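Beneath this line is the structure, given in C-alpha cells, with notes to follow.
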Amino acid sequence: MNFHVLTLFPEMIEQGVNTSITGRAINNGLLSINAVNIRDYAFNKHNSVDDYPYGGGAGMLMQAEPVYLAYEAVKEQIDKRKQENIKSEEVTSTEPVDCSEVRNSDLQDENSKKRPLRVVYLSPQGDVFNQKMAEEMAQEEDLVLLCGHYEGIDERVLEEIVTDYVSIGDYVLTGGELPAMVMIDTISRLVPGVLHNDVSAEFESFQDNLLEYPQYSRPEEWRGKKVPPILLSGHHANIEKWRREQSILRTMERRPDLLKESNLTDKEKKWIRQVKRERKEAEKMK
C-alpha cells in the first residue's frame, strides 16, 4: 500500500513512521510513505504557502495553488507507475490466458481508472476515524492524506480534490501531521503481511465493535495477582469462550456505546441483561 502525505513538515511524517511495525513494513516493501512538501510547489521566492483570509479574521490560511500542484504531482506519479505496471505485465505475459479472465481484468482496470484518487483531509470537521474506516481504506492501493496548518486551507482546493474529511477526535491540534500518522499506523496493521501474526489485526480492540479481552504473561502470580485459571487449562474452546465473554464485559463497562453495533448472539444479549441485573442487585446490597 502507498501513502502519500501532503504536508508542510515532511520530516515529521518520515521520522514518525520509520520505526517499529510501520518502519519494518516499509523496509520489507509492504508499505511506501511519500511525504510531499507543499512548500516545494510555492510560486514565490520565499516558498511561502499562506496568506491572509478574505473577509479578515485571525491567523493565516494555506493557499489553494501550492496544495493543488502538490496533489497533481502525486497523481501524475501514481498514473505513471500504473502505466509502467501495465506495460510490464504485457511484456512478461507469454502464457495463453482465458478470454473471460482478460475481460474481467480489463473491467476491473476500467473501474479503477474511473474511481477518483482517494484524498483524505485531516480536519476536526470530518467524520471521526474508526476501525471500520481503517478496514475500508486498507483496500486502497494509494491513499493521499492532506495535512492542514495555520487556520486551514482555501476552501476551493478542498472542493476540487478532497474525497473524505476525517477527524481523529473533538479537539484542536496544530496541524494534520499527527492525525495522518495515527491513520497510517492503524491502516497499515490491516495490510497483509505487515503484522507477523495476521490474526493479531483480526482480533484486537474494536474488531466486531468489541474491546479486546484482558491479556496476561509470565509469571503466573505477580504481587499476589494470579492469572485466571482458565488460561492455564489448555482447553482452547473454553479459553475462547472466556475471552469472548471478557470482551463483551469490558465493552459494556468501558464503551457501552459500541455494544449497539456489535454482532452479539441472542444468548449473549440475554447474558448481558442477566449480568446487569446481578450487578444492580449487588449494588443494592452494599
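Because the structure is predicted, anything quoted here is derived from the model rather than measured.
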How far does CZ of F9 sit from CD1 of I38, to the nearest 0.5 angstrom?
10.0 Å
How far apart are the closest heavy atoms of P214 and Q246, and which atoms are they?
CD-CB, 3.6 Å
Find the distance between CD1 (I168) and CE (M181) and round it off to the nearest 0.5 Å.
9.5 Å
Does Y52 have more than 12 heavy atoms from other residues, nucleotides or ligands lying within 6.0 Å of its OH?
no
Taking the side chain as C-beta and beyond, is there a heavy-atom pair between H4 and L117 under 4.5 Å?
no
Quick check on side-chain hydrogen bond (donor to acceptor under 3.5 Å, both in side chains): which of K75, R81, Q77 does D142 satisfy it with?
R81
Carboxylate-amine/guanidinium contact E240 R243, below 4.0 Å
yes
Quick one: does W271's side chain get under 4.5 Å of I248's, heavy atoms only?
yes
Determine, stepwise, if the pair I78 / N2 fulfils side-chain contact (heavy atoms from CB on, under 4.5 Å).
CA-CA 9 Å; I78 292 169; N2 308 295; over 6 Å; no
Donor-acceptor pair, T163 side chain versus V119 backbone, under 3.5 Å?
yes
Can you name the one residue among V49, L61, L158 that meets side chain to side chain contact (heavy atoms under 4.5 Å, CB included) with I153?
L158
Verify, without hydrogens or angle tests, whether S262 (side chain) and N209 (backbone) share a donor-acceptor contact under 3.5 angstrom.
yes
Answer yes or no: are there more than 12 heavy-atom neighbours, outside Q215 itself, under 6.0 Å from its atom CD?
yes
Using every non-hydrogen atom in the two residues, find where Y150 and M60 come nearest and quote the distance to one decimal.
CB-O, 3.1 Å
Distance-minimising heavy-atom pair for L190 and A138
CB-CB, 3.9 Å
Has Y54 got more than 12 heavy atoms of other residues, nucleotides or ligands less than 6.0 Å from its OH?
no
Got V194 and M1 here, is their nearest side-chain heavy-atom distance under 4.5 Å?
no
Measure the CD1-CG distance between I26 and N18 for me, rounded to the nearest 0.5 Å.
4.5 Å
Are side-chain heavy atoms of S233 and I230 found at a separation under 4.5 Å?
yes
When you look at CD of E220, are more than 12 heavy atoms from neighbouring residues, nucleotides or ligands closer to it than 6.0 Å?
no
Within this structure, what is the CG-CG distance for the pair D51 and D154, rounded to the nearest 0.5 Å?
10.0 Å
Kindly indicate whether the side chain of Q131, heavy atoms from C-beta on, has any atom under 4.5 Å from the side chain of T186.
yes
With M183 as reference, evaluate V120, L178, V5 under the side chain to side chain contact (heavy atoms under 4.5 Å, CB included) test and give the passing residue.
V120
Just do the side-chain contact (heavy atoms from CB on, under 4.5 Å) check on E136 and K132 with the steps written out, would you?
CA-CA 6 Å; E136 181 195 345; K132 280 187 178 178; over 6 Å; no
Within this structure, what is the CG-CZ distance for the pair L258 and R250, rounded to the nearest 0.5 Å?
13.5 Å
Strictly distance-based, threshold 3.5 Å: is any side-chain N or O of T22 a donor or acceptor partner for the main-chain N or O of T19?
yes
Below 4.5 Å, heavy atoms only, C-beta onward: do P124 and V172 meet side chain to side chain?
no
Between S247 (side chain only) and L211 (backbone N and O only), is there a donor and an acceptor less than 3.5 Å apart?
yes
Do R244 and L264 pass the side-chain contact (heavy atoms from CB on, under 4.5 Å) test, and can you show the C-alpha distance, the side-chain angles, and the key distance before you say yes or no?
CA-CA 10 Å; R244 174 74 178 181; L264 300 177; 3.8 Å; yes
Is the number of heavy atoms from other residues, nucleotides or ligands under 6.0 Å of D170 CG greater than 12?
no
Report yes if some heavy atom in the side chain of L69 is under 4.5 Å from a heavy atom in the side chain of P66; otherwise report no.
no
Taking every heavy atom of N263 against every heavy atom of E268, the minimum-distance pair comes out as O-OE1, 4.3 Å
Does a salt bridge link E160 with R156, judged by any charged N lying under 4.0 Å from a carboxylate O?
no
So for atom CD, which belongs to E76, do other residues, nucleotides or ligands contribute more than 12 heavy atoms lying within a distance under 6.0 Å?
no
Plane angle bin for Y216 and W242 - parallel if under 30°, tilted between 30 and 60°, otherwise perpendicular:
tilted
Can you tell which of K270, M252, E245 makes a side chain to side chain contact (heavy atoms under 4.5 Å, CB included) with V275?
M252
Stepwise side-chain contact (heavy atoms from CB on, under 4.5 Å) test for I33 and E14:
CA-CA 8 Å; I33 311 290; E14 290 164 353; 5.9 Å; no
List the steps and the verdict of salt bridge (Lys or Arg N to Asp or Glu O under 4.0 Å) for E281 and R277.
CA-CA 6 Å; E281 290 171 6; R277 279 196 303 270; 5.8 Å; no
Out of curiosity, D40 CG to L8 CG, how far, rounded to the nearest 0.5 Å?
10.5 Å
Minimum heavy-atom distance S123-S167, with the two atoms named:
O-CB, 3.1 Å
Are V17 and L31 close enough that some pair of their side-chain heavy atoms sits under 4.5 Å apart?
no
Quick check: closest heavy atoms across A180 and L122, and the distance to 0.1 Å?
N-CG, 4.0 Å
Verify, without hydrogens or angle tests, whether N37 (side chain) and R39 (backbone) share a donor-acceptor contact under 3.5 angstrom.
yes
